Amino acid sequence: MQKLFSLGLAAMLISGPVAASQHCPKLSPGQAYPWQTNELMPGDFWADMLIDLDAKGKPLRCRIAKGNLKNELGFWFCNAMMKDGEYEPVLQDGVAVTGTVKRQMRMPGKRRRDADAAARKRYLAAHPEEKACYR
């Protein structure tokens, strides 16, 4: 009897995530959650950055074109884009060349985090089948 119980428990544990994942939307890297918006809110930090790339797409230099960053945040934004950013090479007439790409980076403020938490709660109340997707 205990063996049967163990098999049943194992089947539930294995089938639970599979059943939940059938309802989960597939998000691509960098894509916002369904309840999030792209609008800037007061308190959000942002920067338009210009990143110089070599012909292979490796970042060479970063600079802030505009934004509302304070203190050393610009350094940390550029540092992240230089170390962790992955870029396609700039193409000119089908040939990879050195060039510059523009990217925007944002860091949410308290108002944004609170708005996202409330929107997440409303979204999951309206879509209970997706609760297992966003723990």
Side-chain angles (χ1 to χ4, degrees):
M1 185 66 152
Q2 186 176 2
K3 187 176 183 181
L4 184 60
F5 175 76
S6 297
L7 286 173
L9 181 61
M12 286 188 330
L13 291 174
I14 292 171
S15 65
V18 173
S21 67
Q22 292 173 349
H23 300 288
C24 295
K26 301 292 183 204
L27 299 177
S28 59
Q31 182 181 354
Y33 289 111
W35 58 85
Q36 292 177 316
T37 66
N38 284 331
E39 68 184 62
L40 284 170
M41 297 183 86
D44 289 352
F45 290 105
W46 65 275
D48 286 338
M49 298 183 292
L50 301 173
I51 300 130
D52 296 334
L53 306 175
D54 69 9
K56 293 182 180 180
K58 182 179 179 238
L60 301 171
R61 189 174 90 146
C62 173
R63 55 200 180 280
I64 306 294
K66 60 182 174 177
N68 68 345
L69 304 179
K70 296 179 179 171
N71 302 328
E72 68 277 351
L73 275 180
F75 167 80
W76 292 110
F77 272 42
C78 271
N79 193 44
M81 296 301 275
M82 293 289 291
K83 289 187 177 187
D84 297 327
E86 294 182 13
Y87 309 96
E88 293 291 323
V90 175
L91 297 178
Q92 186 175 3
D93 297 326
V95 178
V97 296
T98 60
T100 302
V101 294
K102 182 178 177 181
R103 297 289 186 268
Q104 188 176 77
M105 190 172 196
R106 299 175 181 192
M107 186 172 73
K110 182 174 177 7
R111 187 177 286 179
R112 157 75 61 207
R113 290 189 305 269
D114 292 346
D116 279 351
R120 179 183 188 274
K121 190 174 184 177
R122 287 190 305 273
Y123 179 86
L124 293 178
H127 302 88
E129 72 280 2
E130 293 185 21
K131 282 188 179 182
C133 303
Y134 306 110
R135 293 186 186 253

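All values below come from the heavy atoms of this structure, side chains included, with hydrogens, waters and symmetry mates left out. All residue numbers in this chain count up from 1 along the given sequence. Everything quoted here is computed from the prediction, not taken from an experiment.
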What residues form a side-chain contact (heavy atoms from CB on, under 4.5 Å) with Trp46, not counting sequence neighbours? Leu40, Asp48, Lys66, Asn68, Gln104, Arg106
Exercise: identify the closest heavy-atom pair between Met105 and Ala80: CE-CB, 4.0 Å
The criterion is side-chain contact (heavy atoms from CB on, under 4.5 Å); which residues satisfy it with Lys58, sequence neighbours excluded? Asp54
Once you round to the nearest 0.5 Å, how far does CG of Leu53 lie from SG of Cys62? 10.5 Å
Test: side-chain hydrogen bond (donor to acceptor under 3.5 Å, both in side chains). Region: residues 80-93. Which pairs qualify, not counting sequence neighbours? none
Quick one: pull up NZ in Lys102 and CD1 in Ile51 and give me the separation to the nearest 0.5 Å. 11.0 Å
Heavy-atom pair of closest approach, residues Cys133 and Pro25: SG-CD, 4.5 Å
Smallest heavy-atom separation, Ala55 atom then Thr98 atom, equals N-CG2, 3.8 Å
Grouping ILVMFWY residues whenever side-chain heavy atoms fall under 4.5 Å, the cluster of Leu124 otherwise contains Leu27, Tyr33, Trp35, Tyr123, Tyr134
Under a 4.5 Å cut-off applied to non-hydrogen side-chain atoms, are Pro42 and Arg111 in contact? yes
Output all residues satisfying side-chain contact (heavy atoms from CB on, under 4.5 Å) with Ala47, sequence neighbours left out; order by chain, then residue number. Met49, Ile64, Leu69, Phe77
Counting C-beta onward and ignoring hydrogens, is there a side-chain heavy-atom pair between Val101 and Val90 closer than 4.5 Å? yes
Partners passing salt bridge (Lys or Arg N to Asp or Glu O under 4.0 Å) against Asp52 (at least two apart in sequence or in another chain): Arg61, Arg63
What heavy-atom pair brings Pro89 and Ala96 nearest, and what distance separates the two atoms? CB-CB, 3.8 Å
